[in-house]
Amino acid sequence: MKKFLFIVLLLNLLFFSFFNIELFAKDISTIENKQWANVILMKGVNQRGGPFKFDDTYLEVEFGGRYEWLDLYGYVDFIDILNSKSSDKHGSNNYFVDIEPRISLDYLFNKDFSYKALKELYLAFDYYYADEPNGKGLNVLWMGIGSDIDIPWLGTSGVNFYTRYIDENYGASNEHTFDGYVAHINWFKPLYFFTDSRFISFQGYLDYEFGSDLDENSFERQYRTSDSLQSYLGLYLHNKSWLIGYGLKAYKNMTQWKDNEILNGKKTDSTGFGHYFSIAYKF
């Protein structure tokens, strides 16, 4: 953990030492500052994350926005929010955190890096944390380059490429190392407007993690993989103060677990589809 914190601190010191002269150089009138937050009650069926699928009802606090050089997205999931014994996560992890800051290079350099479909460049980070009451949890930082790109039909979408630093990974052999890479895309596409504040959207993301060396022992060679893919495809009805929706999530070797292997007397299940039903209040 100390090594992890030292690397993060060093990166920040180097970054702000190098860019401190230019930090407020860009005319902030060119940036649309905004913020938003949702509180979502979500039912997940056939979720993957680990070697076996699971069902759970959880509460998600989702937030994001833009302020000058900072573009931010994140959420905190409170697992088994109904404290139900029927949840597969009952008595397990309490919460899951995902924070995704991006720092605009256009803003810091006071330069327009746009070119054709490319609209803006960023330094991109993604931090994951999950507690584990009975042992090591998840503590991972992705870091790399990000962009906003106009994609046909989808519109302006976030496209990022990261390397991963794994501090904790439930005791796996790749802890305390840089291990693997991530290609990421996210989008928010309004499909049909009933009024200015009431509309249907298609929104989601895709993460492809690859290049991992998670094979240092016989257990990992049998049960773990070098790559993992997940993609969320959501249809949502938005109103001014609420939203309701359904998401289909596709998994392939989720969290780098091989599918259809016998582990502890049952087959692993890390590939397939999950279903997410959501209702939310919008702040």
Side-chain angles (χ1 to χ4, degrees), residues 8 34-50 54-67 70-82 87-89 92-103 122 124-132 137-144 146 148 157-160 162 164 167-169 182 184-189 201-209 228-239 241-251 254-255 274-283:
V8 174
K34 55 187 177 182
Q35 59 185 8
W36 58 269
N38 301 322
V39 175
I40 309 170
L41 183 65
M42 188 172 292
K43 173 68 175 181
V45 179
N46 293 338
Q47 300 179 78
R48 271 76 167 187
F54 59 92
D55 298 345
D56 183 43
T57 300
Y58 58 96
L59 187 74
E60 182 169 285
V61 179
E62 183 186 35
F63 53 89
R66 178 69 186 259
Y67 182 72
L70 176 64
D71 179 72
L72 180 65
Y73 173 78
Y75 61 87
V76 180
D77 288 343
F78 296 93
I79 309 301
D80 186 25
I81 191 64
L82 301 181
S87 169
D88 294 322
K89 288 296 184 178
S92 183
N93 300 66
N94 294 314
Y95 56 88
F96 179 85
V97 178
D98 178 13
I99 308 294
E100 305 178 21
R102 299 193 305 170
I103 300 168
Y122 302 87
F125 302 89
D126 197 339
Y127 175 67
Y128 290 95
Y129 179 84
D131 73 314
E132 177 53 59
L138 187 70
N139 197 359
V140 175
L141 178 66
W142 299 353
M143 59 192 90
D148 287 339
S157 304
V159 180
N160 307 328
Y162 306 92
R164 309 185 309 175
D167 184 55
E168 290 186 2
N169 186 17
V182 187
H184 168 88
I185 179 174
N186 64 77
W187 63 87
F188 185 96
K189 167 70 175 180
S201 70
F202 172 56
Q203 57 197 77
Y205 66 89
L206 184 148
D207 285 335
Y208 178 54
E209 301 179 58
S228 174
L229 182 142
Q230 59 175 310
S231 182
Y232 184 84
L233 310 169
L235 283 174
Y236 287 84
L237 174 63
H238 291 257
N239 210 327
S241 299
W242 58 267
L243 65 83
I244 186 169
Y246 164 76
L248 176 69
K249 197 168 186 180
Y251 306 91
M254 183 60 179
T255 56
H275 307 275
Y276 293 78
F277 304 90
S278 307
I279 185 168
Y281 180 77
K282 301 166 68 174
F283 291 92

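A quick note: this is a predicted structure, and the numbers were derived from the prediction, not measured.
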I'd like to know whether Asn38 forms a side chain to side chain contact (heavy atoms under 4.5 Å, CB included) with Tyr75, so could you lay out the CA-CA distance, the side-chain angles of the two residues, the decisive distance to 0.1 Å, and finally the verdict. CA-CA 9 Å; Asn38 301 322; Tyr75 61 87; over 6 Å; no
Phe78 ring center near Tyr58 ring center (under 6.0 Å): no
Once rounded to the nearest 0.5 Å, what's the spacing between atom CG of Asn46 and atom NZ of Lys249? 13.0 Å
Short side-chain donor-acceptor distance under 3.5 Å, Glu100 and His184: no
Does Phe96 offer a backbone N or O that forms a donor-acceptor pair with the side chain of Asp77 under 3.5 Å? no
Establish, from distance only, whether the side-chain atoms of Tyr129 and Asp98 form a donor-acceptor pair under 3.5 Å. no
Atom CG of Leu233 and atom OH of Tyr205: how far apart are they, to the nearest 0.5 Å? 10.0 Å
Distance, nearest 0.5 Å, that separates OH of Tyr276 from CD of Gln47: 4.0 Å
Atom CD of Gln35 with >12 non-hydrogen neighbours under 6.0 angstrom: no
Closest contact, heavy atoms only, Glu132 versus Ser92: OE1-OG, 4.5 Å
From Asp56 atom CG to Asp80 atom CG, the distance as rounded to the nearest 0.5 Å: 5.5 Å
One should read off an interatomic distance between Leu141 CG and Asp167 CG, to the nearest 0.5 angstrom, of 10.0 Å
So which of Glu62, Arg66, Arg102 actually passes side-chain hydrogen bond (donor to acceptor under 3.5 Å, both in side chains) with Tyr73? Glu62
Rounded to the nearest 0.5 Å, what separates atom CG in Leu138 from atom CG in Asn169? 6.0 Å
Which of these, Asn160, Asp71, Asp148, sits in a side-chain hydrogen bond (donor to acceptor under 3.5 Å, both in side chains) with Tyr122? Asp148
